[in-house]
There are 2 protein chains.
Amino acid sequence: MARSSDPTRTRILDAASRLFYAEGIRAVSVDAVAEKAGITKKTLYYHFRSKDDLVAAYLAARDQPNLALFKRWFDEDTGAVPDKVAAIFRHLAEAARHPRWRGCGFLRTTAELANLPGHPAIRIGAAHKKKFEAWLQAMFADAGIAGSGELARQMLLLLDGAFAVVLLHRDASYMETAGEAARTLVAAALPRRTRSPRSRQPAVTPSAPAAGAA
Amino acid sequence: MARSSDPTRTRILDAASRLFYAEGIRAVSVDAVAEKAGITKKTLYYHFRSKDDLVAAYLAARDQPNLALFKRWFDEDTGAVPDKVAAIFRHLAEAARHPRWRGCGFLRTTAELANLPGHPAIRIGAAHKKKFEAWLQAMFADAGIAGSGELARQMLLLLDGAFAVVLLHRDASYMETAGEAARTLVAAALPRRTRSPRSRQPAVTPSAPAAGAA
DNA sequence: CTAGGTATACTGACCAGTGAATATACCTTG
DNA sequence: CAAGGTATATTCACTGGTCAGTATACCTAG
């Protein structure tokens with residue numbers, strides 16, 4: 001049985017990841033993945049039961065690294081919670097300006113396989129987003145925010161909306177707009193004593209600070 | 001030359017629309033569209049130059065009706081602007097509970113064809129979203145909101161985020177969360193004298209039931 | 001010498017798009 | 001009005017190519 005550290009399996013997964021992310025699931029053939037990995041199709045089918053399995057493995061391999069990246073961006077920002085959240089969007093905006101950026105692999109796979117609701121890849125994508133939401137909620141709860149669950153959901157909506165819109169318009173500034181909306185919502189939910197100075201900057205109207213909405 | 005009112009062309013477009021929306025672009029063959037339309041493939045190719053053309057026509061046919069629906073939901077709500085915006089999300093949440101709902105056809109097509117940046121269908125999708133954003137901005141400007149452009153972009157992000165997340169989790173409640181976040185942001189941006197009483201309800205904490213969010 | 005792993009070569013199904021012929025409807029001209 | 005032509009609209013049958021997945025054989029390491 002091939003272990004996850006199997007070098008051949010790793011090569012296949014690496015090739016699949018690049019191709020599926022760059023071109024989409026149905027646009028990439030198993031032959032193409034095998035060729036990119038430098039092996040034959042039969043070897044690929046020795047390591048993965050089917051193309052569907054390979055697609056699921058592609059997303060599963062992206063789960064932990066993606067979450068770790070978000071957490072690092074959050075942790076490394078030295079500001080208050082609204083700024084830490086905005087930092088995630090800031091880093092994503094930078095990534096989105098790279099020519100090979102193609103949005104969120106989890107969302108794009110879900111959109112492409114929307115006609116197969118029980119597909120293993122979709123379940124992995126859903127679990128990934130749930131983990132991110134749960135982590136955010138924990139961060140908000142730690143900061144003393146009462147409606148941490150609702151707020152985490154709102155962050156998720158802004159983030160995934162930004163993935164979709166930036167991909168559609170090829171305009172990374174929407175990612176920054178999402179970051180400012182996120183900062184506004186988090187700042188409004190924060191208990192007063194811990195609110196950061198930067199979070200008092202209104203993202204919506206320069207005249208009316210949104211502090212009263214909490 | 002086939003006019004847009006051509007009954008055969010309409011039949012093809014109707015079949016294409018149902019299939020592409022339900023199954024995705026690359027999952028639907030031209031043969032399948034022709035069969036669903038009750039014609040032969042060659043007839044389809046008489047009316048459309050290629051499959052790519054057909055995909056673009058599918059989205060173009062959805063542009064105006066979709067916008068008209070959003071405008072109607074906005075206009076028919078009798079509340080203030082934050083409530084009118086929330087009404088759009090409320091109606092979409094209802095639609096999302098239908099078993100055949102598959103998210104936003106424009107976004108899903110964009111996600112699937114992300115490897116073909118210049119594809120005509122993507123340009124039509126981008127134009128559609130830009131029209132919606134411009135219309136929203138005009139509504140906000142009419143309501144005396146200073147940062148109407150930024151606010152309209154935030155609404156777009158919440159809306160498209162909700163499309164993506166609801167499709168991923170098959171949980172329409174995210175659409176309502178997005179609606180409440182939208183209501184909060186619009187209410188915070190509104191000049192004080194015209195702010196509605198409902199908009200003072202905090203959208204962040206779930207303990208306060210928002211009207212219509214059932 | 002045997003079991004895990006890889007290669008060549010294949011299957012049957014499907015795919016986008018086309019060639020050649022035919023039907024229909026209208027329109028000109030004698 | 002009638003004969004013949006022309007553009008529109010449709011069909012059947014096909015092409016070259018790709019797809020996911022497999023049958024069989026080989027090969028190398030323990």
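Each chain gets a letter, A, B and so on, in the order its sequence line appears, and its residues count up from 1. What you are looking at is a predicted structure, and each value in this text was computed from that prediction instead of being measured.
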Sequence-aligned protein contact record of nucleotides 13-30 of chain D, with B where the base is within under 4.0 Å of a protein heavy atom and S where only the sugar-phosphate is: ------SBBBBB------
Partners passing side chain to side chain donor-acceptor pair (under 3.5 Å) against D53(B) (at least two apart in sequence or in another chain):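 Once residues adjacent in sequence are excluded, D53(B) has no partner under the side chain to side chain donor-acceptor pair (under 3.5 Å) criterion.
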Residue pair D52(A), S50(A): steps toward the side-chain hydrogen bond (donor to acceptor under 3.5 Å, both in side chains) verdict: CA-CA 5 Å; D52(A) 286 339; S50(A) 65; 4.9 Å; no
On the nucleotide [N], are OP1 or OP2 found under 4.0 Å from the side-chain N or O atoms that [X] carries?
X      : N       : result
T8(A)  : dT6(C)  : yes
Y46(B) : dT10(D) : no
H47(B) : dT8(D)  : no
T40(A) : dT6(C)  : no

With [X] via side chain to side chain contact (heavy atoms under 4.5 Å, CB included) - residues at least two apart:
X       : result
A126(B) : L168(A), H169(A)
K42(A)  : T40(A)
A96(A)  : W101(A), V166(A), A172(A)

Please set out all donor-acceptor pairs under 3.5 angstrom arising from side-chain atoms of residues 64-72 of chain A, sequence neighbours excluded.
{"residue": "R72(A)", "atom": "NE", "partner": "E76(A)", "partner atom": "OE2", "Å": "3.4"}

Expressed as a whole number of angstroms, how long is the span from [X]:[atom1] to [N]:[atom2]?
X      : N       : atom1 : atom2 : answer
L44(B) : dC15(C) : CG    : C1'   : 14 Å
E35(B) : dA16(C) : CD    : P     : 13 Å
I39(A) : dG4(C)  : CD1   : C1'   : 15 Å

